[in-house]
Amino acid sequence: MTSLRSDFLNAAKARGYVHQCTDETQLDERLMAGVVPAYIGFDCTAPSLHVGSLVSIMLLRLLQKSGHKPIVLMGGGTTKVGDPSGKDESRKLLSDADIAANMAGIKTVFSRFLTFGNGPTDAVMVNNADWLDQLSYITFLREYGCHFTINRMLTFDSVKMRLEREQPLTFLEFNYMILQAYDFVELAGRHGCLLQMGGSDQWGNIVNGVELGRRAKGHELFGLTTPLLTTSSGAKMGKTAAGAVWLNPDMLPPYDYWQFWRNTEDGDVGRFLRLFTELPEDEINRLETQEGSGINEAKKILANEATRMAHGEEAALAAAETARKTFEEGTMGEDLPTISLSGEETVYALLVKAGLAASNGEARRLIKGGGVKLNDVAVTDEMKKLTPADLASGPAKLSAGRKKHALVKLA
């Protein structure tokens, strides 16, 4: 096995970021020769990214800390098409206004992780609508369509999965991989970009870009993917019963974000500390070997570090203090998620409203199973109601299990 010399590849592999690389040895040499601009694309399908995108963001951060230049590509153009990767059906087509609003929300997260500016290793943010919206269809097809064969495109997972499951794949979506490949060529020409990175489901699209750059422009380009993240129990990373774990605080309060990391499975603590914090390896080695109360302390450190990076020191400290008061003192921390009560409502409906259960049915099953408490007293009647009079002396604490809590206040 060839030993690597570049700080970036060595650190990326050691911390578990690398799944595949098109030419690791050659990329390593290029990283040693000078600053390498590298990009990851983010389509604007929602007003916030979720923790499923966090590995990519942390990889860009590591790239910058290793002395190279991150390029954040906003998919203002490709979102109009929709990436079929990992999907059984077509993505919902969004209006230009929806895409612009989503992009505005997504952009805010990157300044917490990257340093932007005009320096050689400062991050830049670009929008592929700047060039994709200007394409002349026939000219584009003649210049670039000749480098793609249908035979090859049919072998890519994003296409094969749809066809094998007999799900329709529109011609619009079929074009996505060509447009993503063209993005890489454009970024190589505009910003000297040499490396595209992304999740493992993007491998085919990334290889397309590497090959298109070589065939159409004579560029030597590289691709690198991160592994698909699942938890030790096999669940997809970033999904909970209440929905996605969003990175923007207006989509998910910092306390809930902190709790997501605090609830990490024991077997994932070391891996997540390497991927989602910047703690040194010897400290991670110590933390991941803890047992009992020790592993719970390691989870708190993970939650503190991850929340600090995404939401700042103050939010992380407030979330940790709220958790301490809630779990260790049995009192109501001020930073708990809060919902309002303006009239009579069932407890099961409030559980759903607070994000403590995914549906009314699940909430009622939680109550029947003895998993719901109101002000630390078990709720036994699945049809129990809460009224404004019940809150006359102050907010009520609603709990689902031992780890999920919310405050119910008067509207």
Side-chain angles (χ1 to χ4, degrees), residues 40 42-61 70 72 74 98-116 123 125 229 236-264 272 275-278 299-327 332-340 350-358 395 397-400 403-409 411:
I40 298 178
F42 300 87
D43 277 349
C44 310
T45 54
S48 168
L49 298 174
H50 55 71
V51 295
S53 299
L54 197 52
V55 170
S56 292
I57 297 171
M58 290 295 291
L59 188 57
L60 287 174
R61 181 178 172 91
V72 178
M74 291 284 102
D98 288 337
I99 293 171
N102 288 346
M103 189 185 302
I106 288 169
K107 281 181 174 181
T108 60
V109 74
F110 291 98
S111 61
R112 304 176 206 141
F113 292 88
L114 302 172
T115 300
F116 287 84
M125 184 177 287
L229 267 196
K236 189 174 181 180
M237 173 71 181
K239 296 290 184 181
T240 68
V245 181
W246 301 107
L247 298 182
N248 284 16
D250 59 329
M251 298 279 285
L252 186 78
Y255 174 78
D256 286 345
Y257 189 79
W258 189 95
Q259 275 295 327
F260 168 76
W261 295 105
R262 169 62 182 82
N263 293 337
T264 294
F272 288 1
L275 290 171
F276 302 114
T277 80
E278 294 176 329
K299 292 178 186 181
K300 291 178 186 176
I301 291 171
L302 169 63
N304 290 341
E305 291 293 312
T307 306
R308 180 183 58 78
M309 199 167 287
H311 297 298
E313 185 77 27
E314 188 176 330
L317 291 173
E321 177 63 10
T322 293
R324 188 187 66 79
K325 287 182 176 180
T326 303
F327 299 114
M332 291 187 285
E334 294 177 359
D335 205 33
L336 282 177
T338 302
I339 57 172
S340 298
L350 292 170
L351 286 165
V352 176
K353 188 175 179 182
L356 304 182
K397 183 173 73 172
L398 185 61
S399 306
K403 297 180 178 179
K404 296 164 70 176
H405 308 271
L407 293 183
V408 185
K409 292 184 176 181

Undergrad: Got a second to check how far Leu302's CG is from Thr264's OG1, nearest 0.5 Å?
TA: 4.5 Å

Undergrad: With side-chain contact (heavy atoms from CB on, under 4.5 Å) as the criterion, how do Tyr257 and Leu247 come out once you've worked through the C-alpha distance, each side chain's angles and the decisive distance to 0.1 Å?
TA: CA-CA 8 Å; Tyr257 189 79; Leu247 298 182; 3.7 Å; yes

Undergrad: Among Val352, Leu356, Leu351, Leu350, find the residue that satisfies the side chain to side chain contact (heavy atoms under 4.5 Å, CB included) test when tested with Ile339.
TA: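 Among Val352, Leu356, Leu351, Leu350, the one that satisfies the side chain to side chain contact (heavy atoms under 4.5 Å, CB included) with Ile339 is Leu350.
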
Undergrad: Under the side-chain contact (heavy atoms from CB on, under 4.5 Å) criterion, do Ile57 and Leu49 qualify, and how do the steps go?
TA: CA-CA 10 Å; Ile57 297 171; Leu49 298 174; 4.0 Å; yes

Undergrad: How many angstroms lie between atom CE of Met74 and atom CZ of Phe110, to the nearest 0.5 angstrom?
TA: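 If I round to the nearest 0.5 Å, the distance is 4.0 Å.
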
Undergrad: For Ala320 and Asn304, work out which heavy atoms get closest and say how close.
TA: CB-OD1, 3.5 Å

Undergrad: Mind listing the closest non-hydrogen atom pair of Ala406 and Ala354 along with its distance?
TA: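 Minimum heavy-atom contact is CB-CB, 3.7 Å.
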
Undergrad: Looking at Ser56, Ser53, Pro70, which hits side chain to side chain contact (heavy atoms under 4.5 Å, CB included) with Ile40?
TA: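 Running side chain to side chain contact (heavy atoms under 4.5 Å, CB included) over Ser56, Ser53, Pro70 with Ile40 returns exactly one hit, Ser56.
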
Undergrad: Out of curiosity, Ser340 OG to Lys353 NZ, how far, rounded to the nearest 0.5 Å?
TA: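 Here the rounded value is 6.0 Å.
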
Undergrad: Run through Leu252, Val51, Val109, Asp256 and flag the one making a side chain to side chain contact (heavy atoms under 4.5 Å, CB included) with Trp246.
TA: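 Considering Leu252, Val51, Val109, Asp256, a side chain to side chain contact (heavy atoms under 4.5 Å, CB included) with Trp246 is found only for Leu252.
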
Undergrad: Carefully, step by step, assess Phe276 and Val55 under the rule side-chain contact (heavy atoms from CB on, under 4.5 Å).
TA: CA-CA 7 Å; Phe276 302 114; Val55 170; 3.7 Å; yes

Undergrad: Please work out which of the three classes, parallel, tilted or perpendicular, describes the rings of Tyr255 and Trp258, given edges at 30° and 60°.
TA: parallel

Undergrad: Got Phe42 and Val72 here, is their nearest side-chain heavy-atom distance under 4.5 Å?
TA: yes

Undergrad: How long is the span from the CG atom in Asp43 to the CE atom in Met103, to the nearest 0.5 Å?
TA: 9.5 Å

Undergrad: As a quick check of understanding, evaluate side-chain contact (heavy atoms from CB on, under 4.5 Å) for Leu275 and Met58, giving each step before the final call.
TA: CA-CA 7 Å; Leu275 290 171; Met58 290 295 291; over 6 Å; no

Undergrad: Show me, pair by pair, the donor-acceptor contacts under 3.5 angstrom made by side chains of residues 305-318, not counting sequence neighbours?
TA:
unit_1	atom_1	unit_2	atom_2	d
Glu305	OE1	Arg308	NH2	2.8
Thr307	OG1	Ala303	O	2.7

